[in-house]
Amino acid sequence: MPLEFYVLLVMLTSFALAVFLGKFPIGVSLALSSIIGALVAGFGFPLRHLVEGTFAYLDPILIITSAMIFMEIIKETGALGEISRLIIIYLHNRPFWMLSLITLFIMFPGMITGLSTAAVLTTGAIVAPALMRLGIPRVQTGSIIAMAALFGMIAPPINVPVMIIGGGVDMPYIGFELPLLFASLPLAIITTTSIGYRYVKSVNIEKIKKDLPESQIDKHGFRLFLPILILIIFMLVTRLIPGKYTALGMPLIFAICCLSAFKSGKAFNYYKVTKRAIKNAMPVMGILVGIGIFIQIMTLTGVRGFLIVKTVQLPSFWLYVGIVVSLPIFGAISSYGASYVLGVPFLLALLGKSEIIVASGLTLIASLGDLMPPTALAGIFAAQVVGESNYFRILKNCLPYAAITALYGIGMILLANVLAKFLIL
Amino acid sequence: MNHHKSLAIFILLLSLILSYFSARSFLSMRENEKYYPSESNTKIKPLSDYFEGIKNTRGDTPVYLFENEQPGGTILILGGTHPDEPASNITTVCLMENLKISSGRVIIIPRANNSGFTHSDPQEGNPQRFYFKTKSGERWFRYGSRSTNPIDQWPDPEVYRHYPSGQKLSGAETRNLNRAYPGRPDGSLTEKITYAIMQLIKDEAVDLAIDIHEASPEYPVVNAIVTHPLAFDLTGEVVLYLQMEDFEFNLEQSPENFRGLSHREWGDHLQIPAILMETACAMHGRYHGSKNADKAITGLDRFYIEADKHELLSVPYPENGIPLKERVGRHLKTIQKILEIWNNYNPEKSIVVENIPDFFEMQEKGVGAFLVSGE
Ligand SMILES: [Zn+2]
């Protein structure tokens with residue numbers, strides 16, 4: 001075995017020791033194991049690389065932080081509770097359509113930003129109370145939100161992992177609408193209905209109504225929804241009228257929405273809410289920083305290349321196994337990272353099949369990375385949104401659906417050339 | 001003071017110290033390497049002379065003009081479009097420091113994306129500099145990033161829409177110089193730089209333009225000459241001659257539906273024959289092993305040898321790697337051949353350049369032998 005194998009072993013072992021014996025937070029453990037890996041590989045203490053690696057996740061960290069503040073604020077103003085009240089009152093007697101609509105609603109921010117976290121923390125947070133009041137247990141609600149957010153990230157019009165893979169092989173982002181819809185929508189509807197339908201098919205609406213929060217819209221009027229409305233408008237405008245003045249970036253958009261929440265509903269204290277949100281986001285920020293360091297050191301020491309070279313030379317059957325296993329595992333870092341590092345070599349290893357369908361299928365599998373611990377961004381935030389303290393319970397509940405998704409993705413790749421006839425116009 | 005508070009203060013202090021030292025390392029990227037252009041160099045102008053909009057930005061970059069009173073044509077050669085492709089910048093430096101011109105004009109921009117030279121890509125683990133031994137001592141060169149520095153252009157949109165075609169690419173490509181042509185005066189910094197280069201081509205009446213690149217050995221378009229249809233006859237003949245001399249090249253036509261590329265937009269908008277050249281750089285792809293400054297020079301990577309054995313690459317990757325001297329030598333050889341054929345067909349616009357380092361001599365002596373010794 002080459003040196004890189006042992007470096008990888010040392011990095012993984014020291015990570016596990018730091019987490020389980022040292023009881024360090026995951027982010028810190030990742031940083032420590034990276035430092036040890038660099039030392040073992042003979043790179044000393046590469047301060048510059050350690051710091052540089054973290055910058056890969058500066059933008060996601062800013063988006064997550066601002067989205068968390070936004071979510072806390074619309075919870076405080078009562079806007080969240082009000083929307084769940086409206087959903088229950090108007091849709092409770094049409095359970096299938098209600099679930100399908102809610103699914104699309106959760107997916108929406110993911111569809112237009114290409115970020116699953118954006119979906120979990122905005123529309124996911126908005127529908128969570130309604131789903132739970134309708135009788136869907138906490139864990140199942142979290143699973144619905146996490147899975148729908150993943151499919152939202154994959155669904156058109158914006159699928160950033162596909163664009164990242166395309167960037168590596170000069171494939172323009174054209175003709176992906178139908179394949180991506182095919183990759184996401186059926187799975188999304190099937191997943192949410194099979195998780196949730198049994199709980200909502202017959203609900204005792206009178207009993208639920210009694211527990212609903214008092215209507216805020218009667219007190220504050222439509223102003224209650226202003227922050228959410230502004231968010232939707234900004235998200236649409238940046239995409240429909242792209243240009244220098246509309247490209248604000250998600251963090252600034254969330255910040256504006258937070259300010260617009262002033263006096264929109266129940267009173268709240270900006271300082272306290274922000275502090276709470278940052279505290280909630282801190283572990284994830286730490287993980288992202290740690291992961292950034294970890295990958296940089298893996299790249300520097302050649303461990304990354306070692307893993308990729310060994311994976312892509314697998315023979316046909318094992319190549320597919322490699323795709324199903326390595327894409328989500330690497331995606332634990334982020335599905336973007338997995339697409340960047342592994343998506344391109346896999347696409348090249350599968351040359352001869354319709355590249356558009358293969359890339360769509362690969363990103364569908366890579367998206368599962370957002371459920372993969374330790375990062376599990378979609379899982380962690382879904383747990384936070386529904387108030388579940390142990391996000392592993394949500395991950396466990398998602399497992400069968402994740403497996404179906406992976407198989408579906410492999411199916412797309414296997415049948416790429418057949419599907420291409422129908423899906424590429 | 002309780003335990004928590006003192007721990008917090010300790011961590012804050014530690015972060016400050018680490019920040020100080022890493023900031024020094026990052027800021028050292030802003031120091032430019034020195035070039036020593038040959039006696040044929042008549043002028044050095046900032047690119048902002050052609051478009052004011054990039055003045056006093058890190059997008060501004062020196063343009064070297066090599067001219068002779070004997071009239072002739074004008075060729076533009078771009079290095080450093082992607083500052084993480086060492087053979088690109090080094091080829092232009094080798095040209096600048098050696099060439100003698102007896103008719104026509106050569107215009108060289110060695111650091112086309114100057115901003116990209118001032119940082120390195122997170123997660124790539126690249127070195128900040130690499131070194132050559134010259135006749136009397138060492139010279140260093142910059143290993144930069146593929147894209148414009150986010151300090152100069154940030155944040156990226158989620159989706160990059162190419163102007164004017166509207167083509168969509170991933171947001172990070174917003175800072176890719178070779179996706180930003182033809183650019184626009186009121187666009188992003190990257191678009192302003194490409195706009196300035198377009199203005200230069202117009203103002204200097206450039207007849208022929210070359211953009212030098214490197215790609216990973218697994219990238220489908222490598223060891224290639226990518227050519228705009230207007231240059232197809234020229235490059236076709238170039239490749240033919242090079243193949244007769246046992247240099248393998250793939251000739252590719254620049255794709256019609258992929259916008260923003262230098263060769264495509266130069267040709268389409270300014271009607272000049274435009275050419276892009278790629279060599280294979282082992283630090284570039286996804287199969288590479290550990291990274292260091294030496295690897296930029298030796299181009300030797302054991303995982304690439306393994307990948308080649310399993311037929312994962314687009315070019316042959318020999319046991320001794322693909323060293324920088326070979327890549328630079330290939331680029332220089334190609335440029336020489338392009339000029340030769342060009343002069344055959346355009347005698348009234350001929351560009352006669354001598355003293356371009358010879359491929360075989362470079363393989364023997366290394367790149368450093370063709371660089372001015374410096375101070
Ligand atoms: Zn390039």
Side-chain angles (χ1 to χ4, degrees), chain A residues 2-4 41 43 47-59 62 112-115 158 160 162-164 166-170 172-174 238-239 242 244 247 249-251 292 295-306 308-309 312-313 337 340-342 344-345 348-349 351, chain B residues 18-19 21-26 119-126 128 150 154-162 166-174 176 179 186-188 216 218-221 255 257-259 261 285-292 301-304 306-307 309-312 314:
Chain A
L3 173 72
E4 288 78 5
F43 283 87
L47 176 64
R48 172 212 141 207
H49 288 291
L50 300 174
V51 178
E52 191 174 279
T54 66
F55 275 90
Y57 297 101
L58 178 64
D59 291 19
L62 290 174
I112 57 173
T113 62
L115 286 165
I158 305 293
V160 177
V162 159
M163 293 179 183
I164 291 171
V169 289
D170 283 354
Y173 189 64
I174 298 170
T238 35
R239 278 151 196 93
K244 205 157 114 183
M250 291 303 291
I295 299 205
Q296 177 111 1
I297 298 302
M298 274 175 72
T299 312
L300 178 70
T301 55
V303 170
R304 189 181 96 177
F306 165 76
I308 297 172
V309 168
V312 294
Q313 36 174 283
Y340 175 68
V341 173
L342 286 167
V344 175
L348 292 175
L351 277 185
Chain B
L18 294 182
S19 304
F21 285 105
S22 46
R24 273 175 59 133
S25 167
F26 294 133
H119 72 129
S120 35
D121 287 318
Q123 318 259 282
E124 282 306 323
N126 283 323
Q128 293 176 320
W154 186 81
D156 295 338
E158 286 97 29
V159 178
Y160 165 48
R161 271 166 224 260
H162 169 253
Q167 162 186 279
K168 288 184 218 150
L169 294 167
S170 80
E173 301 284 320
T174 315
N176 183 343
R179 298 293 180 274
D186 58 349
S188 67
S216 63
E218 70 265 28
Y219 184 69
V221 187
N257 60 357
F258 198 144
R259 308 308 308 197
L261 303 168
R286 278 145 180 95
Y287 303 137
H288 63 78
S290 63
K291 285 193 173 177
N292 53 50
D301 190 290
R302 118 183 107 77
F303 292 146
Y304 268 103
E306 188 175 336
K309 287 202 183 105
H310 290 85
E311 293 176 357
L312 293 166
S314 321

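We name chains A, B, ... by the order of the sequence lines, and we start the count at 1 in each one. Since the model is a prediction, treat every value here as computed from it, not as a measurement.
Under the side chain to side chain contact (heavy atoms under 4.5 Å, CB included) criterion, Phe26(B) pairs with Arg48(A), Val51(A), Glu52(A), Ser22(B), not counting sequence neighbours. Pro150(B) is linked by a side chain to side chain contact (heavy atoms under 4.5 Å, CB included) to His119(B), Trp154(B), Arg175(B), counting only residues two or more places apart in sequence or in another chain.
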Under the side-chain contact (heavy atoms from CB on, under 4.5 Å) criterion, do Thr299(A) and His288(B) qualify, and how do the steps go? CA-CA 8 Å; Thr299(A) 312; His288(B) 63 78; 3.6 Å; yes

Could you walk me through whether Arg302(B) and Glu4(A) pass side-chain contact (heavy atoms from CB on, under 4.5 Å), step by step? CA-CA 11 Å; Arg302(B) 118 183 107 77; Glu4(A) 288 78 5; 2.7 Å; yes

Worked verdict on Leu47(A) versus Leu18(B) for side-chain contact (heavy atoms from CB on, under 4.5 Å): CA-CA 8 Å; Leu47(A) 176 64; Leu18(B) 294 182; 3.8 Å; yes

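When all heavy atoms of Ala56(A) and Pro122(B) are compared, the pair lying nearest together is N-CB, 3.8 Å. Of all heavy-atom pairs between Phe303(B) and Gly305(A), the closest is CD1-C, 4.0 Å. The shortest heavy-atom contact between Leu348(A) and Pro220(B) is CD2-CG, 4.2 Å. The two residues Gln123(B) and Tyr57(A) have their closest heavy-atom pair at OE1-OH, 3.5 Å. When all heavy atoms are compared, the tightest approach of Gln296(A) to Glu124(B) is OE1-N, 4.0 Å.
Contact of Leu62(A) with chain B is made through the side chain alone, with heavy-atom distances under 4.5 Å. Proximity to chain A is absent for every atom of Arg24(B), based on heavy atoms less than 4.5 angstrom apart. When heavy atoms are compared at a cutoff of 4.5 Å, Ser120(B) approaches chain A by way of both its backbone and its side chain. Heavy-atom distances place no part of Arg259(B) under 4.5 Å from chain A, backbone and side chain included. For chain A, the nearby part of Asp121(B) is the backbone; its heavy atoms alone come within less than 4.5 Å. Proximity to chain A involves both the backbone and the side chain of Glu218(B), based on heavy atoms less than 4.5 angstrom apart. Contacts between Tyr287(B) and chain A at a heavy-atom distance below 4.5 Å involve backbone atoms as well as side-chain atoms. The part of Glu173(B) that comes within reach of chain A is its side chain, from C-beta onward, which places non-hydrogen atoms under 4.5 angstrom from that chain. For Ala349(A), no part lies near chain B; criterion is any non-hydrogen pair under 4.5 Å. For chain A, the nearby parts of Arg286(B) are the backbone and the side chain; heavy atoms of each come within less than 4.5 Å.
Looking only at heavy-atom pairs under 4.5 Å with chain A, the residue among Ser25(B), Ala307(B), Ala23(B), Ser290(B) that has the most is Ser290(B). When each of Asn126(B), Asn292(B), Val221(B) is checked for heavy-atom pairs under 4.5 Å with chain A, Asn126(B) comes out on top.
With respect to Gln313(A), the side-chain contact (heavy atoms from CB on, under 4.5 Å) criterion is satisfied by exactly one of Glu306(B), Lys309(B), Glu311(B): Glu306(B).
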